[in-house]
There are 2 protein chains.
Amino acid sequence: MVVYAGQGDPRRSIELLWRASAAEKRPGPKPGLSVDAIVDAAIEVADEQGMAFSMRAVGERLGRTAMALYTYVPGKNELVDLMYDRAMAEVPTSYDLGEGWRPAVTRWAHDMWECYRRHPWVLQVSQARPVLGPHEFAVTEALAAILVSTGLPGRRLRGIVGAINYFVRGAAQTVAEARAAGGATGQADEEWWYARSAVLIEVEPDLEKKFPMLHVLEQDREPVDPELPYLENDAVENFRGGLKVLLDGVEGAVAKP
Amino acid sequence: MVVYAGQGDPRRSIELLWRASAAEKRPGPKPGLSVDAIVDAAIEVADEQGMAFSMRAVGERLGRTAMALYTYVPGKNELVDLMYDRAMAEVPTSYDLGEGWRPAVTRWAHDMWECYRRHPWVLQVSQARPVLGPHEFAVTEALAAILVSTGLPGRRLRGIVGAINYFVRGAAQTVAEARAAGGATGQADEEWWYARSAVLIEVEPDLEKKFPMLHVLEQDREPVDPELPYLENDAVENFRGGLKVLLDGVEGAVAKP
DNA sequence: TGCGACTCCTTACGCCGTAAAGTAACCTTG
DNA sequence: CAAGGTTACTTTACGGCGTAAGGAGTCGCA
């Protein structure tokens, strides 16, 4: 429910993200934990329980109390930023341009999509205020490097980068939340959908007449992967179709700049 | 932090959304509140405080306790669904196709964008499991009605509808969170950005060499509206540029189906 | 050997959503 | 008109959360 955006001390946050720690000899007991260990544990917990993971849960996974984490990390906001940047580290940062920009962008989009699916909580980290970690930079740099090869000016590229980013995020969000919701309640997508739509038809029998165009949208469905649940199937189909249209638009911009 | 998605009794949720209440004569004291009044108050609170509004705050605004709300609404999840659908009611549902589909889609996108900016918390309501309220249907119906006029088959349209939706949401989210974050900490966007980037340059002086393509993206900036804060300005520019590319793609699909 | 820095713990505070139970208002029935 | 059941709303309480404050034990260095 809370929008997560780093709000604490900027210096502390940035130094943590870039691991700019002066590793001097220091007195006191040897640290039993490390920022990396905490971030790893937190990601594990978040992968299982979603963004509503708690500091207590992370501490418990490490055999410590919640308060022990505050020795390494200023607070939950900053921890989330660190988790975000670590997740971005999983995405490749170099793409072969041998076959042109389009296959490269497509691969980038798929890699991002996969990362979002492995770590759905990433989609709930604020985008407006970039986390400004090294791997977030690297990921955007990778997309920028591909698109700069089109020769388009920066002015055009910014909109395109934004559009591709928004699209991949949005498409991934649809699946991620379908899974998260299903997992939280133990209800499969189909069950959820069925229960709702059954009541809906009962309450509003004229649904198709009131919204005829939505019905047109439903025509012509073909299964993408029969293994996947209903909503997920939908999202994969939309992802492919939408990305194609989006890249067609980019192609148009490249052709006539 | 919690992903909001209606999880309670499907019947109760749907009936509330469609206001399918049997208004019979009933014993007991007269209701001092109503679902509508509660939704209105909750939207006011959420517009000010973001999605982290509390039931207690909503109750207080109505001169009641938090628990009083539970007479009208099963829980916070369901209240959020109702708020979402009420917000969607602000978006126009009919667009003139006299000049073709493209200006109409552009207007739809701008109207959605405006709605998201009035009610940033809407962007945090789960999209995977649609709320299934009447106004959410109407909004999607409006976009579908415009796009069906292109003559494209449902298969193609689904991806396009998704892409447009994701794009508008994503672009709006960028601004919304910039504002929310600024409001929460009392920091203006510029201040936040300045504090961070100053430390960043200090910690990583070779930033431009490490990520040269990002630098290309920054070239060629022109002010859109000098009244708007920095990040918001950015987002508006990206919105316009991205939407253009996206619709170019749709145009390509229409030309050669 | 002792001091100060350090890790980690316990406790506690003020939030949150909401379950449970009580009180007062009102309509229906006798 | 009185009794009883239904409803609106309150108070209280529970278990969660993030994290502030302070204390206990551990280590490097003087």
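Per chain, numbering begins at 1; letters A, B, ... match sequence-line order.
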**Request:** Rounded off to whole Å, could you give me the CZ-to-P distance for the Phe53(A) and dG16(D) pair?
**Result:** 18 Å
**Request:** Please report the closest heavy-atom contact between Val58(B) and Ile38(B), naming both atoms and the distance.
**Result:** CG1-O, 4.1 Å
**Message:** Are Tyr166(B) and Tyr166(A) an aromatic pair, judged by ring center distance below 6.0 Å?
**Reply:** no
**Item:** Rounded distance in Å - CE (Met51(B)) to P (dC16(C))
**Value:** 16 Å
**Request:** With the side chain counted from C-beta on, respond yes when Arg86(B) and Asp36(B) share a heavy-atom pair under 4.5 Å apart, and no when they do not.
**Result:** yes
**Request:** Would you please confirm or rule out a distance under 4.0 Å between OP1 or OP2 of dC26(C) and any side-chain N or O of Lys30(B)?
**Result:** no
**Asked** So what does Ala68(B) hit on the nucleic acid, given a heavy-atom distance under 4.0 Å: a base, only sugar-phosphate, or nothing?
**Response** base
**Asked** Atom CD of Glu60(B) to atom P of dT11(D): distance rounded to whole Å?
**Response** 12 Å
**Prompt:** With respect to the side chain of Ser54(B), which nucleotide from dG17(C), dA8(D), dT7(D) is positioned closest?
**Reply:** dG17(C)
**Message:** For dC8(C) and Arg64(A) - does any side-chain N or O of the residue sit under 4.0 Å from the phosphate oxygens OP1/OP2?
**Reply:** yes
**Prompt:** Got a donor-acceptor pair under 3.5 Å from the side chain of Arg56(A) to the base of dG16(D)?
**Reply:** no
**Request:** Quick one: label Met67(A) by what it contacts on the DNA or RNA (base, sugar-phosphate, nothing), any heavy atom closer than 4.0 Å.
**Result:** base
**Request:** Whole angstrom is fine here: how far is it from CE in Met55(A) over to P in dG16(D)?
**Result:** 18 Å
**Message:** Is Tyr70(B) close enough to dT10(D) that one of its side-chain N or O atoms is under 4.0 Å from OP1 or OP2 there?
**Reply:** no
**Message:** From the set dG4(C), dC27(C), dA8(D), return the single nucleotide nearest to any side-chain atom of Pro27(B).
**Reply:** dC27(C)
**Message:** From the set dT6(D), dC6(C), dG18(D), return the single nucleotide nearest to any side-chain atom of Lys76(A).
**Reply:** dG18(D)
**Request:** Would you please indicate yes or no on a ring centroid separation below 6.0 angstrom for Phe137(A) and Phe211(B)?
**Result:** yes
**Asked** Roughly how many Å is it from CG in Leu62(A) to C1' in dC9(C), rounded to a whole number?
**Response** 15 Å
**Request:** Step through it carefully: locate the ring centre of His110(A), locate the ring centre of Phe239(A), and say whether they are under 6.0 Å apart.
**Result:** yes
**Message:** Heavy atoms only, 4.0 Å cut-off, all strands: where does Thr71(A) land among base, sugar-phosphate and nothing?
**Reply:** base
**Complete:** Whichever of Gly28(B) and Gly32(B) has the more 5' nearest nucleotide on DNA chain D, that residue is Gly28(B)
**Item:** Rounded interatomic separation in angstrom, taking CG from Leu79(B) and P from dC16(C)
**Value:** 15 Å
**Prompt:** Taking the side chain of Arg26(A) as heavy atoms from C-beta outward, which of dT7(C), dC8(C), dG28(D) is closest to it?
**Reply:** dT7(C)
**Asked** Considering only side-chain heavy atoms of Thr65(A), which listed nucleotide, dT18(C), dT10(C), dG18(D), is closest?
**Response** dT10(C)
